[in-house]
Amino acid sequence: MQVLVYSEFDVGRFRSKWEKVRAAIERDDFRSVDMKKLASTPYHRAKLDEASRVLVQFVRHGGQTVCLVLEVIAHHAYAKSRFLRGAVVREEQIEAAPDSTLEQVQEEAVPVRYLHPGRGDFHLLDSPISFDDVQEAVYRLPPPLVLVGSAGSGKTALTLEKLRHATGTVLYVTQSPWLAQHARSLYYAHGYSQPEQEAQFLSYREFLETLRVPPGREVRFADFRGWFERHRQQYRFTDAHPCFEEFRGVIGSQPEGVLSLEQYLALGTRQSIYEREQRAAMYELFGKYRQWLTDFHLFDSNLLAHEWQSLAQPQYDFIVIDEVQDLTNAQLALVLRTLKNAGQFLLCGDSNQIVHPNFFSWSAVKSLFWRDPALAERQQISVLGVNYRNTRQVTRLANTLLKIKHARFGSIDRESNHLVTAASQIEGEVRLLPDKDAVKRDLDARTRASTRFAVLVLRDEDKSEARLVFRTPLVFSVHEAKGLEYPHIILYRFISSQRKAYAEICDGVEPADLQHDTLDYRRAKDKHDRSLELWKFYVNALYVAITRAVEGLYLVEKDMGHPLLQLLDVHENQGQLAIEAAESSRAEWEREAHRLELQGKQEQADAIRENVLGIKPVPWPVWNNAFLRETLARVGSPKSTSSKARQQLLELAAWHYLDDHLLLLNPQEGMQIFAMQGKNQRALDKTRQALASRHTAAYTRRNVREVLQQCDQYGVDHRTVTDATPLMLAAVAGNLPLVDELLERGADGQMRDLFGHTAQSFALARACRDASYAADAFAAIWERVKEPVLDVQVDGRLLRLHEDQGEYLLLHLMLCGLKTLASLRYHQPEQRDVRRLAGFDAAYLMRNLEHMPHSLWPDARRKRSYLNAVLARAEIDSSYQPARKLWQRMRSGHYLPNPALQLRVAGPDGEPQWQPIYQVLNLAQIERGNGTVWGQAGFSYRRLLGLHEPDDGVGVVNEDA
């Protein structure tokens, strides 16, 4: 058996022993190395000596099984393994398990797309990666570097591996929020860490927020299209899309600033979409556009790139810009200003995938990044020519389209002048189908119940027509589809809906022009020909649509004889479709909805939940703000005799551990309706045990059928009576299999309860009050539910805290402990100190951290001096740089979160938005009344924030929390 070693495998002092183990595995001798499977993981372990093991995984490629060597586990320290994610592994149970056999590991081996036949190592992100010869050469090149690769070429994986070798403060930035988040998850997969590096993964919007949080909302193309329609009568010579591209990619794209009218009129023929006589009118419309943005509190990130140049200061040692074609030169220039040393950057993209309006060109990018002659001499441009995603037929079609584009318009630039080779051994299928009712009904019946099929149309306005034919919720315009991939794609009337545009694209191109396997570099003969700029969107949109299909592509067209279809060599086939009707499971649809939600495809995610999952509202009352308002109204009336309502309030207080200080007041009557001072601790504990039995018993069992049945009925993120989601209750119960099942179904870990707590907060709060939970289940639960970064807004700027920063965990402890700040009785009665009501101190935090796993809080940090240093450097008045200003010192050694902090939360429309910490954590519930913790501490969030007393007496801020 072939053995490949992880590129960061550190054998240390075990080299001689490892060589013996390696030789045994290579000759398939598993018995001599005591090879055993680690239960509930994809890994095996082999014995190095009596106390140490080596962790391996088996994969399959080309009919052969390969052993991947990951790490040494010394002294049975499985809890410190990067790859086991905090799983509790007991050596005695492993020893009792039978030895693994060759047949077993071959059966369990995970398939991988590619393994280099002659290389003895591999790289690792979320899955094993083997570089081909070109990728390996690029991997070893120094910056500055431009990396050009088609969809599926592996450019993002290669970029992330190169990023790992940079030191200092590094930045990965891209237009898409989802791609930035996905890249970060790939980068830090399997617990990867780089001690010599502080890495930021930001969308361009988040990058702007690190300079200053923009006021208002960013303008979307849908907003622009609606505004443009009101002016269409005066601008009949254009449409919304080219107009938007002209505003962003021409008038506003230059790093030096927005073009003046004179500069705009003086542009060359191919530097603008519009004729010179049309430009004065377009510039006038541009002025109206800017005024509209101001009037409606919208902002254009491209225009902000000019205004905020002075805010950008050198701070990054290395920068990666992914999908560079989605950014304008003005935006790129703003990013470039934050680089400490010129040339320490990597650009990654593919100009054939431009569907965003920005007038991108590689030549303009190179002139921007290589104005320094010394950098120009060092420039490295590398092209990845292998496609690891699409099947052979899909790749052939994409290549043919590029040939047509080249034959019609000439070479776009040297960087995009290439075709790709399919690495896949699967032939795949490309079919042309007539736009007939019987064909469409058959196609719909075969595909509507499967997550493996998606329907693509050219523009947003075409989706409504497609939905009349196809009942799948997976209907996308090409703008929405960028970044997605599905095994099978149906292109609906893609060419027929814009017959003239696609006829122009292939005008004058003959089949003989396409009989070659390479693209020679040839610029267009007519330098005044603007055809490419006019038709670029259509040809690129079709290319993007084709490459979304991993296995099969089906074109449904009215005009079966369209010249472009003839050139693409796609013809109607009278044979039966190779598509079998398939129905995805409910769990698969739930995962798909969650995935689309993360990528900002809220429309399709909602359609899945409504039309496929059929989610019902929960039939029980939920302890949220609306519940509190109604309950207070019932019990606050002088005529009230509602003992049930009073009991519900009592239970709510007990559930949230507010037994020492929750006072809920009726603002009109000023009557205290509930005050529990903890005088009868035994009764209180009994009440809490009864609540746990009633609301969480199902989450503590191995058989979780009841929980999953409720998820099927009400959704995986439904609210239980306590306002907690199933993931929150599974996390606090320490039920790891259930947590994994819920996450596999797409449970959202960022949802918040009445007091703004997430699943992460639930787990952390229990770890603070339950030492056995902290020492046992918590490590693995934390790995699943933690958010790798915590975004806060301080002084109008985004501050992103990473999990490896000391402030990250301390702020989380404060956020989840604020509501119970004065309630120590249930876990530290002998150490209750009224002085601590002024805030969190090092002693309290040290007690909470004492039983935390070492992976979460390393030994080097378990010192009072370290904790005091972190608290001191991040307080509001600290002179430490960078100034984080996370908490306010109330008195010596006592801190509370900075009341001016804002947290990023999901807004009512699903879009992220900033909210004051006071609102997110709903502290008005606790702050009310004399004798509350805040009253005793002489501290009021309302006073510090300048807020007025809530009118409704409840302080409702998080209505759907």
Inspect the contact between [Y] and [X] and indicate whether a charged nitrogen and a carboxylate oxygen are less than 4.0 angstrom apart.
X: R45; Y: E95; result: yes
X: R861; Y: D859; result: no
X: E803; Y: K786; result: yes
X: R452; Y: E551; result: yes
X: D326; Y: K482; result: yes
X: R119; Y: D133; result: yes
X: R745; Y: E588; result: no
X: R595; Y: E592; result: yes

Let me see the working for F122 and L115 under side chain to side chain contact (heavy atoms under 4.5 Å, CB included), right down to the final yes or no.
-> CA-CA 8 Å; F122 67 95; L115 288 177; 5.5 Å; no
As an exercise, state the distance from [atom1] of [X] to [atom2] of [Y], rounded to the nearest 0.5 Å.
X: T156; Y: H182; atom1: OG1; atom2: NE2; result: 8.0 Å
X: L809; Y: L801; atom1: CG; atom2: CG; result: 11.0 Å
X: S772; Y: H851; atom1: OG; atom2: NE2; result: 9.5 Å
X: D121; Y: E8; atom1: CG; atom2: CD; result: 11.0 Å

Would you please test V739 and L742 for side chain to side chain contact (heavy atoms under 4.5 Å, CB included) and show each step?
-> CA-CA 5 Å; V739 168; L742 294 172; 5.8 Å; no
C711 versus P726: any side-chain heavy-atom pair under 4.5 Å?
-> yes
Going by heavy atoms in the side chains, are T101 and F30 under 4.5 Å from each other?
->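 No, side chains not in contact.
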Does atom [atom1] of [X] have more than 12 heavy-atom neighbours from other groups under 6.0 Å away?
X: R702; atom1: CZ; answer: no
X: Q64; atom1: CD; answer: no
X: Q106; atom1: CD; answer: yes

On the 0 to 90° scale, with breaks at 30° and 60°, tag the [X]-[Y] ring pair as parallel, tilted or perpendicular.
X: H76; Y: Y78; value: parallel
X: Y187; Y: Y192; value: perpendicular
X: F131; Y: Y139; value: tilted
X: H812; Y: W782; value: perpendicular

Are the aromatic ring centres of F762 and Y773 under 6.0 angstrom apart?
->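 Ring centroids of F762 and Y773 are no less than 6.0 Å from each other.
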Do S153 and S150 have a side chain donor and acceptor closer than 3.5 Å?
-> no
Is it true that the side chains of T169 and Q315 contain a donor and an acceptor less than 3.5 Å apart?
->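 Absent: no donor and acceptor within the cut-off.
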Check step by step if ring-ring contact (aromatic ring centres under 6.0 Å, His included) holds for Y188 and Y172.
-> CA-CA 13 Å; Y188 287 109; Y172 171 101; over 10 Å; no
Here's a test for you: under side-chain contact (heavy atoms from CB on, under 4.5 Å), which of [options] qualifies with [X]?
X: T159; options: V320, L347, V138; answer: V320
X: L158; options: V134, L346, L147; answer: L147
X: V21; options: V56, D34, V54; answer: V54

Side-chain (Q194) to main-chain (E196) donor-acceptor, under 3.5 angstrom =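 Between the backbone of E196 and the side chain of Q194 there is a qualifying donor-acceptor contact (under 3.5 Å).
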Sidechain-backbone polar pair: D804 side chain, S193 backbone, donor-acceptor under 3.5 Å =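 Side chain of D804 to backbone of S193, a donor-acceptor pair under 3.5 Å: no, none is there.
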Would Q760 and E787 satisfy side-chain hydrogen bond (donor to acceptor under 3.5 Å, both in side chains), going step by step from the backbone distance to the final call?
-> CA-CA 7 Å; Q760 178 180 9; E787 289 299 321; over 6 Å; no
Evaluate the criterion side chain to side chain contact (heavy atoms under 4.5 Å, CB included) for residue pair L171 and F318; output intermediate values, then yes/no.
-> CA-CA 6 Å; L171 170 67; F318 187 75; over 6 Å; no
Given R22 and E19, is the salt bridge (Lys or Arg N to Asp or Glu O under 4.0 Å) satisfied, shown in steps?
-> CA-CA 5 Å; R22 178 174 189 151; E19 292 301 335; 5.2 Å; no
Given side chain to side chain contact (heavy atoms under 4.5 Å, CB included), test Q200 with H802 step by step and report yes or no.
-> CA-CA 9 Å; Q200 293 275 16; H802 296 264; 3.2 Å; yes
